[in-house]
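Written below as structure tokens is the structure these notes are about.
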Amino acid sequence: MDVILQNELVIIVGRLLLAVLLCGLIGIEREVNQHPAGFRTHLLVGVGSCLMMILSLFGFESVIDHENIQFDPARIPSYVISGIGFLGAGTILVKDSTVRGLTTAASIWVVAGLGLIIGAGLYEVAIITTVIILVILILLNRFESQFLQGRRRATIEVILSRESFVKVIQCINQHSGKIKVISTDLENKNEIKIKFELRGKKELDIIKELYLIEGIQNFTKL
């Protein structure tokens with residue numbers, strides 16, 4: 001093996017190891033917080049993307065100088081970027097009006113890009129990007145849970161009997177809920193429907209209390 005090939009091998013191995021380190025850091029954060037795609041998934045995506053970029057840059061050197069051969073080094077990475085969407089979509093879970101896994105899907109997509117730029121040799125950009133991603137996933141997650149979610153509003157609809165009407169109203173008022181609509185079923189006049197709005201993360205607290213009230217037939221988060 002001549003000097004040129006040895007130098008290329010050192011470069012390739014170094015880029016793969018850097019992809020393992022940086023993508024692994026992001027995967028650890030996902031794994032610790034028990035998200036659908038964790039440490040190994042992010043490692044495989046990052047290293048695989050880095051490998052595809054290395055293939056694009058070094059894999060066709062033996063034929064690139066031949067006449068009548070045109071090669072676009074961006075072709076393989078473009079397929080990686082578009083194809084990673086299928087893997088990311090598998091981490092998204094939808095239940096009723098709740099969507100989970102969007103952040104993990106986005107992190108998989110970003111890790112794929114991280115692997116590509118490491119494979120291209122943009123080491124400084126890769127390290128800075130990793131720091132930014134970790135800040136977004138760790139620090140901004142705490143900021144979001146403490147400040148932003150406290151300003152969000154949730155609408156809940158409760159179907160109850162007339163006997164439990166007073167207790168339900170008291171429960172809503174106790175949690176600072178804002179009643180929007182109170183309606184009665186014309187066919188079943190004993191059934192009352194209340195739609196109210198809550199601000200912040202109080203849905204679970206009020207749902208637990210509603211469970212204990214007799215006469216609650218159904219409640220739904222809208």
Side-chain angles (χ1 to χ4, degrees), residues 12 14-57 72-156 198-204 220-222:
I12 290 171
R15 293 179 183 182
L16 288 172
L17 292 177
L18 184 60
V20 169
L21 174 63
L22 299 184
C23 299
L25 289 174
I26 298 171
I28 288 173
E29 190 279 334
R30 297 284 88 186
E31 186 76 36
V32 168
N33 291 286
Q34 299 181 345
H35 290 281
F39 179 65
R40 291 185 300 170
T41 302
H42 283 75
L43 270 184
L44 291 173
V45 170
V47 173
S49 300
C50 182
L51 186 64
M52 294 302 104
M53 178 59 83
I54 290 172
L55 171 64
S56 182
L57 295 176
D72 180 11
R75 183 181 296 273
I76 294 177
S78 66
Y79 286 123
V80 173
I81 295 172
S82 59
I84 201 66
F86 292 98
L87 183 60
T91 67
I92 300 175
L93 305 175
V94 181
K95 184 177 181 182
D96 298 327
S97 60
T98 304
V99 179
R100 295 179 58 85
L102 280 176
T103 303
T104 300
S107 70
I108 290 176
W109 181 71
V110 172
V111 162
L114 196 60
L116 291 175
I117 64 171
I118 293 172
L122 302 175
Y123 307 127
E124 296 85 355
V125 176
I127 294 172
I128 294 172
T129 302
T130 302
V131 173
I132 293 173
I133 295 171
L134 290 175
V135 168
I136 292 172
L137 293 177
I138 299 174
L139 299 182
L140 292 188
N141 180 54
R142 296 176 182 175
F143 171 79
E144 182 182 22
S145 61
Q146 292 179 3
F147 298 99
L148 297 184
Q149 289 186 3
R151 298 179 179 273
R152 291 177 181 173
R153 295 182 179 182
T155 301
I156 299 177
L198 283 176
R199 174 175 289 183
K201 300 183 294 182
K202 298 181 180 180
E203 304 102 279
L204 292 178
T220 308
K221 182 180 177 182
L222 303 177

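Keep in mind that the numbers below use all heavy atoms, side chains included, and drop hydrogens, waters and symmetry copies. If you read the sequence from its start, that first residue is 1, and numbering goes on from there. Fair warning: this is a prediction, and the values are worked out from it, not measured in the lab.
Taking the side chain as every heavy atom from C-beta outward, Glu124 and Thr129 never approach each other to under 4.5 Å. Side-chain contact between Val111 and Leu22 is absent, with no heavy-atom pair separated by less than 4.5 Å.
Annotation for Ile118 and Ala126: closest pair CG1-CB, 3.5 Å, computed over non-hydrogen atoms. Closest non-hydrogen pair, Leu114 versus Cys23, comes out as CD2-SG, 4.0 Å.
Going from atom OG of Ser49 over to atom CG of Leu116 covers 5.0 Å, rounded to the nearest 0.5 Å. In this structure, Thr41 OG1 and Ile108 CD1 are separated by 6.0 Å, a value rounded to the nearest 0.5 Å. Annotation: the span from Glu31 atom CD to His42 atom NE2 amounts to 10.0 Å, rounded to 0.5 Å. Separating the CG atom in Leu51 from the CD1 atom in Ile12 is a distance of 9.0 Å, to the nearest 0.5 Å. Here CG of Leu18 is found 6.0 Å from CD1 of Ile127. Values are rounded to the nearest 0.5 Å. Distance CG/Leu55 to SG/Cys50: 11.5 Å, rounded to 0.5 Å.
Qualifying side-chain contact (heavy atoms from CB on, under 4.5 Å) partners for Leu43, counting only residues two or more places apart in sequence or in other chains: Val20, Phe39.
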| Stepwise side chain to side chain contact (heavy atoms under 4.5 Å, CB included) check, Arg40 with Val45 | CA-CA 9 Å; Arg40 291 185 300 170; Val45 170; over 6 Å; no
